[in-house]
Amino acid sequence: MLMPKKTKYRKQMRGRRKGTAYRGSKISFGEFGLQALDNDWITGRQIEAARRAMTRHIKRDGRIWIRVFPDKPVTKIPAETRMGKGKGSPEYFVSVVRKGTILFEIADVPVELAKEAMRLAAHKLPIKTKFIEKMEIEI
């Protein structure tokens with residue numbers, strides 16, 4: 001499961017899930033990408049499940065890039081605990097995903113195979129996504 005090796009602070013505030021991604025909104029490494037259409041948190045388990053679905057479908061042929069990393073800790077207080085006594089301990093890590101962020105990229109596979117692999121990966125994620133292709137600039 002993805003998580004940072006160490007963090008500067010154990011606990012973080014939740015923050016706001018709104019706005020559009022400016023960074024990480026263009027395909028940089030591969031030929032095809034999976035773009036987020038919503039703002040949400042994606043856990044390390046969801047990223048790993050999507051990665052496995054894509055890798056198995058392309059039968060380890062092409063190359064895959066994961067463009068998001070879960071670096072935000074989410075805390076939880078145990079069930080049936082009384083109010084007060086402070087904030088809970090970190091349970092898992094999430095990646096903050098804004099609208100327009102590229103989540104995964106694939107290269108060196110045919111377009112039909114890439115599209116189906118991305119569709120399988122999208123089923124593992126809690127947000128709406130879109131399959132996009134890299135625009136080749138012609139001069």
(request) Check the pair Val97, Trp41 against side-chain contact (heavy atoms from CB on, under 4.5 Å), reporting the backbone distance first and the verdict last. (result) CA-CA 6 Å; Val97 172; Trp41 286 348; over 6 Å; no
(request) For the pair Met1 and Tyr92, evaluate side-chain contact (heavy atoms from CB on, under 4.5 Å) and give the outcome as yes or no after the intermediate values. (result) CA-CA 10 Å; Met1 195 167 59; Tyr92 56 93; 5.5 Å; no
(request) Tell me, with the steps shown, if Ile106 and Leu34 meet side-chain contact (heavy atoms from CB on, under 4.5 Å). (result) CA-CA 9 Å; Ile106 292 185; Leu34 192 67; over 6 Å; no
(message) If you apply the rule side-chain contact (heavy atoms from CB on, under 4.5 Å), what do you find for Arg67 with Ser28, and how did you get there?
(response) CA-CA 10 Å; Arg67 297 282 307 273; Ser28 302; 3.6 Å; yes
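Although no hydrogens or angles enter the test, the distance criterion places a donor-acceptor pair under 3.5 Å between the side chain of Thr55 and the main chain of Arg51. Proximity of a side-chain donor or acceptor of Asp40 to a complementary backbone N or O of Ile127 within less than 3.5 Å is not detected. Between the side chain of Lys26 and the main chain of Lys134, no donor-acceptor pair closer than 3.5 Å is present. For Gln46 (side chain) and Lys124 (main-chain N/O), no donor-acceptor pair under 3.5 Å exists by modelled atom type. Lys72 places no side-chain N or O within 3.5 Å of a backbone atom of Lys11 that could act as its donor or acceptor partner. At least one donor-acceptor pair closer than 3.5 Å links the side chain of Gln35 to the backbone N or O of Gly100.
Taking both residues in full, the closest heavy atoms of Ala50 and Leu125 are given as CB-CD2, 4.1 Å, listed atom of the first, atom of the second, then distance. For Trp65 against Ala107, the heavy-atom pair with the smallest separation is CZ3-CB, 3.6 Å. Shortest non-hydrogen contact noted between Ile77 and Gly86 is CD1-O, 3.5 Å. The two residues Ile27 and Glu31 make their nearest non-hydrogen contact at CD1-O, 4.1 Å. Minimum heavy-atom separation, Asn39 to Lys18: ND2-CA, 3.3 Å. Residues Gly44 and Pro70 come closest through the heavy atom pair CA-CG, 3.9 Å.
If you chain together hydrophobic residues whose side chains sit under 4.5 Å apart, Val74 and Ile47 never meet in one group. Hydrophobic clustering (ILVMFWY, side-chain heavy atoms < 4.5 Å, transitive): Leu37 and Phe131 are in distinct clusters. Both Val68 and Phe32 are part of a single hydrophobic cluster, where members link through side-chain heavy atoms under 4.5 Å apart. Connection of Ile132 to Leu120 is not established within any shared hydrophobic cluster, with ILVMFWY side chains joined at heavy-atom distances below 4.5 Å, either directly or through further cluster members. The cluster map of Ile, Leu, Val, Met, Phe, Trp and Tyr, joined by side-chain heavy atoms under 4.5 Å apart, puts Phe104 and Val94 in different clusters.
Contact check on Asp108 versus Arg63 returns a salt bridge, with a Lys/Arg side-chain nitrogen under 4.0 Å from an Asp/Glu carboxylate oxygen. Of the charged side-chain nitrogens involved, at least one lies within less than 4.0 Å of a carboxylate oxygen, so that Arg119 and Glu116 count as a salt-bridged pair. No salt bridge links Lys115 with Glu112; every basic N to acidic carboxylate O contact stays at or beyond 4.0 Å.
Between Gln12 and Pro90 there is no side-chain heavy-atom pair separated by less than 4.5 Å.
To the nearest 0.5 angstrom, Arg23 atom CZ is 12.0 Å from Thr101 atom OG1. Interatomic distance, NZ of Lys99 versus CG of Asp38, reported as 8.0 Å (0.5 Å rounding). With rounding to the nearest 0.5 Å, the separation of CZ in Arg60 from CE in Met54 is 14.5 Å.
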Name every donor-acceptor pair, under 3.5 Å, that has one atom in a side chain of residues 2-9 and the other anywhere in the protein, sequence neighbours excluded.
unit_1	atom_1	unit_2	atom_2	d
Thr7	OG1	Tyr9	O	3.1

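Under a cut-off of 6.0 angstrom, the local environment of CZ in Arg52 is sparse, with at most 12 non-hydrogen atoms contributed by other residues, nucleotides or ligands. Open room surrounds NZ on Lys130; 12 or fewer heavy atoms of other groups in view lie less than 6.0 Å from it.
The ring-ring contact (aromatic ring centres under 6.0 Å, His included) test applied to Phe93 returns no partner, not counting sequence neighbours.
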